[in-house]
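Lettering follows sequence order; numbering is per chain, from 1.
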There are 2 protein chains.
Amino acid sequence: MATTQPAAVDRPPTIHDIAALCGVAASTVSRALSTPDRVNIRTRQRIEAAAAQLNYIPNSQAKALSSGRTGAVGVLVPDITNPFYFDLIRGTQLQLKAAGYTQLLVDTEESDEVEASTMEQLRKSADGIVVAASRLSDDALLAAAAKMPMVTINRDVPGVPAVLIDTPSATSQALDHLISLGHTRIAYMAGPPTSQSSERRWTALSVAAEERGVEVRRLGPFAPKTQSGAAAADAAVHSGVTACIAFNDLIAIGMLQRLRERGIRVPEDMSIVGCDDIFGADFCNPPLSTMASPIEQAGRVAVSMLLAQLNPLAGGGTRSRSVMPTHLTVRASTGPAPAAAVATPATPATPGLG
Amino acid sequence: MATTQPAAVDRPPTIHDIAALCGVAASTVSRALSTPDRVNIRTRQRIEAAAAQLNYIPNSQAKALSSGRTGAVGVLVPDITNPFYFDLIRGTQLQLKAAGYTQLLVDTEESDEVEASTMEQLRKSADGIVVAASRLSDDALLAAAAKMPMVTINRDVPGVPAVLIDTPSATSQALDHLISLGHTRIAYMAGPPTSQSSERRWTALSVAAEERGVEVRRLGPFAPKTQSGAAAADAAVHSGVTACIAFNDLIAIGMLQRLRERGIRVPEDMSIVGCDDIFGADFCNPPLSTMASPIEQAGRVAVSMLLAQLNPLAGGGTRSRSVMPTHLTVRASTGPAPAAAVATPATPATPGLG
DNA sequence: TCATCAATGACAACCGGTTGCCAAACTTTG
DNA sequence: CAAAGTTTGGCAACCGGTTGTCATTGATGA
């Protein structure tokens with residue numbers, strides 16, 4: 001009675017339990033479950049039945065250790081609480097789950113060091129990673145990509161597969177929109193210095209502005225948080241522009257709040273365009289005109305590209321670059337440029353009363 | 001020359017590499033790194049130096065397989081895109097990282113089946129789980145908690161450690177607030193039928209309403225999405241109430257939008273109270289009065305309780321229940337009850353004119 | 001009917017650590 | 001100086017699978 005039980009009462013069943021139950025070797029069970037063709041169909045059926053009966057679930061740790069593949073993919077985002085990443089995360093999660101992978105989500109806290117150390121750790125526990133809005137240098141990113149399969153989102157480094165969100169072209173659309181409303185002095189409220197997408201957007205914007213003969217000045221940098229919006233709003237007002245294109249909706253919404261506090265009307269006195277169309281952009285006050293893009297789809301595409309890289313079985317050259325379309329969604333935060341505004345709003349008191 | 005290299009060029013170093021470099025057995029290396037006292041200090045230092053030199057990083061998979069502990073904790077939320085969970089997730093992430101654990105975040109898609117199967121899978125790959133707003137039955141939850149360490153958030157099941165957010169008492173505060181503004185006919189816009197916190201809130205609300213002699217009716221259920229707010233708003237208007245307490249801010253914000261569309265002013269014609277104080281509650285139009293609670297702290301506390309359960313080393317009885325305080329934040333979506341409203345809006349005709 | 005070959009399934013090594021057990025070496029005590 | 005006690009570190013089994021190798025089996029062809 002004191003001998004070992006064939007199957008311990010509470011311990012999850014292993015292939016050895018199945019093997020014992022069927023009277024075959026454990027390796028046969030392994031093959032029956034992972035390489036069905038290598039095993040007699042009758043044996044296989046017996047094994048499958050036993051597995052079902054025992055409610056067998058393979059141990060992913062053990063599988064990872066022996067096969068080298070973990071069945072997990074790391075997803076790195078700079079800030080989980082930034083609504084922009086919600087849909088992205090949901091997109092990656094959906095696509096990964098559909099492919100039977102587990103998502104390891106990590107908030108890198110907008111820090112390149114955290115990002116780098118996370119990558120190093122993930123190198124063992126994930127088959128690949130999706131990196132959104134990396135804060136790493138091009139070189140560091142390239143080096144990391146050499147060590148493990150990687151797809152970046154919104155970060156263009158030659159040699160590293162990427163999903164790019166075409167905000168530069170949307171930025172031109174936004175500029176045209178503002179020009180058509182009569183604005184001629186416009187500001188770009190820049191994002192963090194380490195954000196490549198902020199740079200790309202600014203480049204596109206200044207080129208487009210030159211082509212169209214309007215003045216666009218760059219203000220900032222501003223942290224991508226609503227709190228930074230106050231400083232951004234003050235800077236915009238002080239610079240005398242009548243319209244702003246913000247790095248993202250967080251900054252834009254923060255500006256909306258600050259302008260309201262200061263009694264500056266949007267869009268009558270100042271027009272604001274955001275970017276990303278995050279949760280909240282449609283119900284803030286006034287609802288925000290913004291550049292929208294299919295973020296969830298971007299997440300899904302990034303995962304697809306990564307998985308294609310991991311399992312090169314199916315034909316079709318692995319795409320290494322994918323650009324997501326973007327469009328301008330006009331709501332109520334943009335309107336005609338103030339008529340007399342050119343000579344008054346920001347600096348009038350001082351010279352006017354002198 | 002063809003013999004095996006002491007350390008293969010590109011493969012991450014293992015304890016065997018360290019052992020070879022120091023001329024000791026692999027087990028000694030293992031002990032030196034995990035049980036330093038079991039090893040001579042000089043040997044240990046040599047090993048530590050070699051480990052540093054090789055840039056050794058332990059393989060968490062292998063460690064998990066042999067020790068049984070994975071160093072990971074699963075965090076299950078019903079909907080990643082619900083802003084309520086952002087701060088919660090950030091709280092768990094911070095606390096877990098501080099303790100050297102990895103967070104496995106899973107979106108259970110508001111489905112009890114996904115939740116159950118996720119738990120089963122996590123049983124192998126995580127040391128414990130934090131379950132927010134579980135959709136499972138009490139029995140299922142209790143059974144799951146017997147199989148692996150678990151802490152729930154916002155779910156009170158005897159025998160399962162939990163962090164509870166004291167929204168019932170905040171609900172009473174909200175009720176008092178509305179009463180003090182002159183409201184006497186109030187609606188509770190209920191959440192999903194499977195949400196226990198919705199039930200708890202309703203119970204507290206109806207008891208408080210009875211004590212205070214006001215009428216509170218229950219409407220719904222409504223899915224916790226802004227889209228449901230439209231139906232909720234219509235139901236509220238039709239029922240003739242002058243104030244609503246919504247299950248959460250998502251529904252409340254949706255109501256705000258719908259009421260605006262229908263030309264019903266908030267708070268002049270209708271007062272709205274939300275719950276959770278999510279991202280957006282402060283900048284929607286009008287800014288939402290809502291019940292706020294320290295969500296991030298709730299996440300941290302949940303993780304602390306779970307870790308205490310996993311490592312019962314340090315003294316101090318493990319708390320099995322923790323209640324987070326909640327308070328009402330009054331913004332602009334609540335105001336005095338409409339003066340004549342008592343006799344007019346929805347059902348006045350029938351009794352009033354009879 | 002015998003040789004050839006493909007299909008099948010068992011054995012054992014291996015992934016990278018952890019840990020129980022034991023022997024050698026060293027320290028302390030009588 | 002010997003006996004007893006304490007460190008210290010090595011051996012080997014083990015966690016739960018995967019996979020290379022090989023013997024056995026049955027079917028096919030000559």
- Note on the structure: To the nearest angstrom, the CD1-C1' distance between B:Ile15 and C:dT19 comes to 12 Å

- Those residues that, when tested against A:Asp112, pass salt bridge (Lys or Arg N to Asp or Glu O under 4.0 Å) (two or more places apart): none

- Task: Can you measure from CE (B:Met150) to CZ (B:Arg155) and round to the nearest 0.5 angstrom?
- Result: 10.5 Å

- Task: Going by the side-chain contact (heavy atoms from CB on, under 4.5 Å) test, name the single residue among B:Leu33, B:Val29, B:Ile47 that passes it with B:Tyr56.
- Result: B:Leu33

- When rounded to the nearest 0.5 angstrom, what is the spacing between CG in B:Leu105 and CD in A:Gln93? 7.0 Å

- Quick one: B:Arg42 CZ to D:dT7 P, roughly how many Å, whole number? 17 Å

- Item | Between D:dG16 (P) and A:Ile57 (CD1): distance, integer Å | 14 Å

- Query: In this structure, which one of A:Glu110, A:Glu109, A:Glu115 forms a salt bridge (charged side-chain N to carboxylate O under 4.0 Å, His left out) with A:Arg135?
  - Reply: A:Glu110

- N/O (side chain, B:Tyr56) to phosphate O (OP1/OP2, C:dG17) under 4.0 Å: yes

- Query: Counting N and O atoms only, with roles assigned by atom type, does the side chain of A:Thr70 sit under 3.5 Å from a partner on the main chain of A:Asp127, one being a donor and the other an acceptor?
  - Reply: yes

- Charged N to carboxylate O under 4.0 angstrom, B:Asp156 versus B:Arg321? yes

- Between the two end axes of the helix from C:dT1-D:dA30 to C:dG30-D:dC1, each built from 5 base pairs, what angle do you get to the nearest 10°? 50°

- Message: Using a heavy-atom cut-off of 4.0 Å across all strands, would you classify B:Thr14 as base, sugar-phosphate, or nothing?
- Response: sugar-phosphate

- Task: Between protein and nucleotides 4-15 of chain C, map the contacts as a letter string: B base, S sugar-phosphate only, - none, heavy atoms under 4.0 Å, written 5' to 3'.
- Result: ----BBBBB--B

- Rounding to a whole Å, what distance do you find between B:Gln61:CD and D:dG16:P? 15 Å

